[in-house]
Amino acid sequence: MKYQKLENQEANWKWLYLIKKAREGENITRYTEQSLQEEILRQLVEGQNYPEKIEDWIKKHLSPHLTVKLDQAIRARRKRFFNAEKQSTKKKSIDLEYAVWLRLSRYSRKMKMTLSETISYMIDERESKALYENQVSAMREGLKDLLK
């Protein structure tokens, strides 16, 4: 496993994930009866600061269809958490208009690069072009001075 598991931290993430799903109106329990769902959910809410209770609740009461989703969400959260420790691996985000993203996506597929690599490549090309234009401009000025 690439990323270390932190039991207390992950129990808190699981709790947050499940509470969010419950607030969105999704049944996170394996039970269909509304009053039983509310009672079981109350137990989860009360166990917020007790990682053992959260894990026990998940084993006993979690809806089977949420098991895989919960694991995936925690795995993604763990990855983001550890990658955020270093500046070089921390993910950054930018907002792009759809049309711009589409053009960038097509161009990166054509170049067989990731979006990040494509953006870096385009910036490098623009900087090289600017450097070249400055050199040409300096040479022209030098030639003008020589011809006077």
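The shown structure was predicted, so the numbers you read here are calculated from the model rather than taken from an experiment.
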Asker: Please report the C-alpha distance between T29 and L62 in whole Å, then the side-chain angles of each, then the deciding distance to 0.1 Å, and finally whether the side chain to side chain contact (heavy atoms under 4.5 Å, CB included) criterion is met.
Answerer: CA-CA 5 Å; T29 69; L62 183 65; over 6 Å; no

Asker: Does some side-chain heavy atom of L66 sit less than 4.5 Å from a side-chain heavy atom of K69?
Answerer: yes

Asker: Is R140 atom CZ crowded by more than 12 heavy atoms from other residues, nucleotides or ligands, each under 6.0 Å away?
Answerer: no

Asker: Can you tell me how far the NZ atom of K144 sits from the CE atom of M139, to the nearest 0.5 Å?
Answerer: 13.5 Å

Asker: On a heavy-atom basis, which atom in L18 and which in W57 lie closest, and how many Å separate them?
Answerer: CD1-CZ3, 4.0 Å

Asker: Could you state the interatomic distance from CZ (F81) to CD (E10), rounded to the nearest 0.5 Å?
Answerer: 9.5 Å

Asker: If you look at every heavy atom in H65 and N27, which pair is closest and at what distance?
Answerer: CE1-O, 3.9 Å

Asker: Looking only at side chains, do E33 and Q37 share a donor and an acceptor under 3.5 Å apart?
Answerer: no

Asker: Starting at OG of S137, measure out to CD of Q135 and round the result to the nearest 0.5 Å.
Answerer: 10.5 Å

Asker: Please give me the minimum heavy-atom distance between K60 and R30, naming the atom from each residue.
Answerer: O-NE, 3.1 Å

Asker: So how far is it from Y31 OH to E38 CD, rounded to the nearest 0.5 Å?
Answerer: 14.5 Å

Asker: Quick check: are there more than 12 heavy atoms from other residues, nucleotides or ligands sitting under 6.0 Å from CD of E24?
Answerer: yes

Asker: Rounded to the nearest 0.5 Å, how far does CG of N134 lie from NZ of K129?
Answerer: 12.5 Å

Asker: Out of curiosity, S35 OG to I40 CD1, how far, rounded to the nearest 0.5 Å?
Answerer: 10.0 Å

Asker: Quick one: does K53's side chain get under 4.5 Å of Q48's, heavy atoms only?
Answerer: no

Asker: Could you list the cluster mates of L102? Members are the ILVMFWY residues connected by side-chain heavy atoms closer than 4.5 Å, either directly or through other members.
Answerer: I94, L96, Y98, V100, W101, L104, Y107, M111, M113, L115, I119, Y121, M122, I123

Asker: With a 4.5 Å limit on heavy-atom distance, are the side chains of L44 and I28 in contact?
Answerer: yes

Asker: Are Y50 and W13 co-members of a hydrophobic cluster defined by side-chain heavy atoms under 4.5 Å apart?
Answerer: no

Asker: So E55 and K14, side chain to side chain contact (heavy atoms under 4.5 Å, CB included) or not? Walk me through it.
Answerer: CA-CA 9 Å; E55 293 297 332; K14 289 175 184 179; 3.1 Å; yes

Asker: Taking all atoms of both residues into account, what is the closest heavy-atom pair of I54 and G47, and its distance?
Answerer: CG1-O, 3.3 Å

Asker: Check whether any side-chain heavy atom of S105 lies under 4.5 Å from a side-chain heavy atom of R109, and answer yes or no.
Answerer: yes

